[in-house]
Novice: 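Right, I'll just put the structure down here and ask away after.
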Amino acid sequence: LHSLPLTTVERDRVLVLMGQQTQRMQSLVADLLTLAQLEGSPRPAPDRWVSLDAMLLRVAADAEALSAGRHPLRIKLQTGVELAGVESELHSAIANLVTNAVR
């Protein structure tokens, strides 16, 4: 990078872009590792239920922080929905969808 004929501004811009792409690749790798873990884990017991409302509250807080006011976020709570599954895996799936939407 130092041997290329770039101005300081151009070099800084390239470094910022490289940093952004590195973060995106790290996120993709983390998502792929999570997917591999989910596919390899046994099915959850039928008596393990997770409140969707509680999960949405946590995901909404993360989405608000990520958005930093750039997006109006509306979360419908009081669904009364209970999901069967492993809470951490369900949270990961829902958070991934919301994070991708906010980005």
Side-chain angles (χ1 to χ4, degrees):
L1 188 62
H2 290 289
S3 64
L4 294 175
L6 299 173
T7 66
T8 302
V9 172
E10 292 171 327
R11 186 175 293 113
D12 290 344
R13 183 176 166 273
V14 168
L15 290 172
V16 167
L17 290 173
M18 289 171 64
Q20 290 172 342
Q21 291 301 316
T22 300
Q23 289 175 349
R24 179 161 166 70
M25 290 301 292
Q26 287 175 333
S27 177
L28 288 172
V29 168
D31 290 346
L32 288 171
L33 289 171
T34 300
L35 181 59
Q37 182 183 17
L38 291 174
E39 289 178 345
S41 32
R43 297 190 100 172
D47 61 343
R48 293 181 73 176
W49 293 92
V50 179
S51 167
L52 178 61
D53 293 333
M55 193 173 306
L56 287 176
L57 280 173
R58 290 194 312 271
V59 170
D62 293 341
E64 289 284 348
L66 179 63
S67 174
R70 294 176 293 150
H71 304 82
L73 301 174
R74 284 179 246 132
I75 307 295
K76 180 181 178 182
L77 296 176
Q78 299 175 335
T79 64
V81 172
E82 298 279 323
L83 302 172
V86 177
E87 185 171 0
S88 62
E89 293 174 356
L90 292 168
H91 181 270
S92 177
I94 293 171
N96 190 32
L97 290 171
V98 173
T99 298
N100 288 339
V102 169
R103 286 184 187 158

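Worth saying up front: this structure is predicted, and the values here are computed from it rather than measured.
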Novice: Between Ser67 and Ala63, is there a donor-acceptor pair closer than 3.5 Å when you use the side chain of the first and the backbone of the second?
Specialist: no
Novice: Counting only heavy atoms not in Gln37, do more than 12 sit closer than 6.0 Å to its CD atom?
Specialist: no
Novice: Would you please test Val98 and Leu66 for side-chain contact (heavy atoms from CB on, under 4.5 Å) and show each step?
Specialist: CA-CA 10 Å; Val98 173; Leu66 179 63; over 6 Å; no
Novice: To the nearest 0.5 Å, how far apart are CD in Gln20 and CG in Leu15?
Specialist: 11.5 Å
Novice: Check whether any side-chain N or O of Ser27 sits under 3.5 Å from a backbone N or O of Gln23 as a donor-acceptor pair, and report yes or no.
Specialist: no
Novice: Is it true that a side-chain atom of Asn96 and a backbone atom of Ser92 form a donor plus acceptor pair closer than 3.5 Å?
Specialist: no
Novice: To the nearest 0.5 Å, what is the distance between CZ (Arg103) and NE2 (His71)?
Specialist: 11.5 Å
Novice: Distance from Thr8 atom OG1 to Arg13 atom CZ, nearest 0.5 Å?
Specialist: 14.5 Å
Novice: Within this structure, what is the CG-CG distance for the pair Leu17 and Asp12, rounded to the nearest 0.5 Å?
Specialist: 11.0 Å
Novice: Between atom CG of Asp62 and atom CG of Leu57, what is the distance when rounded to the nearest 0.5 Å?
Specialist: 11.0 Å
Novice: Does a sphere of radius 6.0 Å around CZ in Arg58 hold more than 12 heavy atoms from other residues, nucleotides or ligands, not counting ones at 6.0 Å or beyond?
Specialist: yes
Novice: Can you measure from CG (Leu77) to OG (Ser51) and round to the nearest 0.5 angstrom?
Specialist: 9.5 Å
Novice: Is a donor on one side and an acceptor on the other found under 3.5 Å between the side chain of Asp53 and the backbone of Val81?
Specialist: no
Novice: Side chains of Val102 and Leu73: closer than 4.5 Å at any heavy-atom pair?
Specialist: yes
